[in-house]
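Whatever order the structure lists them in is the order used to number ligands and atoms, beginning at 1. Treat the numbers as computed from the prediction; the structure is a model and nothing was measured. In what follows, every heavy atom counts, from backbone to side chain, and hydrogens, waters and symmetry copies are set aside.
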Amino acid sequence: MGPQEPVTGRVVSSRLCTRGKSASFIRHVAIDIGDTPLAGRFRAGQSFGIVPPGEDERGRPHKLRLYSLASPSFGEDGAGRVISTTPKRLIAERTPQREGDDPEDHRLFLGTCSNYVCDLRAGDEVLVTGPAGKRFLLPAEPDKHDYLFLATGTGIAPFRGMALELMRGPGGPTSSRVEVVMGSPYTSDLLYDDLFSDLAAEHSNFAYHPVVSRERRDDGGPGEYVHGHLERRLDERFREMLESPRTLVYMCGLAGMQIGVFRMLGRHGLHGPYLKLHEQIADVDPADWTDDQIKRRVRHGPRCMLEVY
Ligand SMILES: Cc1cc2nc3c(=O)[nH]c(=O)nc-3n(C[C@H](O)[C@H](O)[C@H](O)COP(=O)(O)OP(=O)(O)OC[C@H]3O[C@@H](n4cnc5c(N)ncnc54)[C@H](O)[C@@H]3O)c2cc1C
């Protein structure tokens, strides 16, 4: 059987995983794959495919969509038989997507697969493929590194799996430094907030930094984004970590989140091991990098793992 051939899993549980009442509907969905050839084959940081039933508007079977694994390599159950993910319902008003689309059509638009997955109940069957992804993984010798995990929205999913693996894995809690920075528009949108708060309370080497963009901070300052938080607290907290040869930076979230972080690293001369600059940008002062230059001329370097979608 090829890895992309779907197998039938069964939903074990589904619950909202936002911190409070939120305008976004984001769930934690656990799927039993124990009796399939995929059991035990997933590693934290990978993704899996879900094939929604039915056909698209052109009458072709729906294509699979990828979802990040939110579970550690040992699964939700400790044996790699139950995997999980963090689907967000895509809910919007229709907007023209291609030439010829009616600009006046603003009926409700519901994403096919995300709503299918969020509608599933415990006991339902679901077609799963995988594992997908080879680079967004923990290193072979996890205790030899420290970790800066940067997430926006559902981009937190792989860090739930990695944090559980590092702090509650079979080898005992790591002594490495682990810092999770989670960005969201409102406090109510924070995901898995209880778990990360608990891990931070249990382990002095684990820190959790919720970063909210559309509310004022506890200290009265304006809301901020992930890169702004890193920059504001650079000297007090993050510079030493970013300068350490042990540190790996992982970023996951919506495409574009890396732009601010890349610029911040460049501006503070911290980009060496984390970024690869195209020669056309090598002589440009990072403070002057445009968004377009960052998108086209800056890539992740060896100690930076990037997953954006
Ligand atoms: C590696 C990877 C990991 C991922 N992990 C996660 C995850 O953990 N959680 C998660 O929620 N998602 C994740 N995604 C995204 C996921 O794969 C789907 O893209 C997402 O759930 C939307 O799929 P859908 O079937 O609901 O939407 P679709 O039905 O596929 O709709 C999306 C498409 O519809 C069109 N569209 C969008 N808005 C409108 C509009 N307003 N009007 C008209 N058309 C519109 C666009 O063409 C868009 O591409 C991940 C993606 C990748 C690549």
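Salt bridge Arg263/Asp291: present, at least one basic N to carboxylate O contact under 4.0 Å. Taking 4.0 Å as the cut-off between side-chain N and carboxylate O, Arg107 and Glu93 do not count as a salt-bridged pair.
Annotation: cation-pi geometry satisfied between Arg160 and Tyr192 (NZ/CZ under 6.0 angstrom from ring centroid, within 45° of ring axis).
Listed by chain and number, the residues in a salt bridge (charged side-chain N to carboxylate O under 4.0 Å, His left out) with Glu236 are Arg233 (sequence neighbours excluded). Residues passing the salt bridge (charged side-chain N to carboxylate O under 4.0 Å, His left out) test with Asp198: none are found, sequence neighbours excluded.
Grouped with Val12 in one hydrophobic cluster are Val82, the linkage being side-chain heavy-atom contacts under 4.5 Å among Ile, Leu, Val, Met, Phe, Trp and Tyr residues.
Around ligand 1, the residues contributing at least one heavy atom under 4.0 Å from the ligand are Ser47, Arg65, Leu66, Tyr67, Ser68, Thr85, Thr86, Pro87, Lys88, Leu90, Ala92, Glu93, Arg94, Thr95, Gln97, Phe109, Gly111, Thr112, Cys113, Ser114, Thr154, Glu307, Tyr309.
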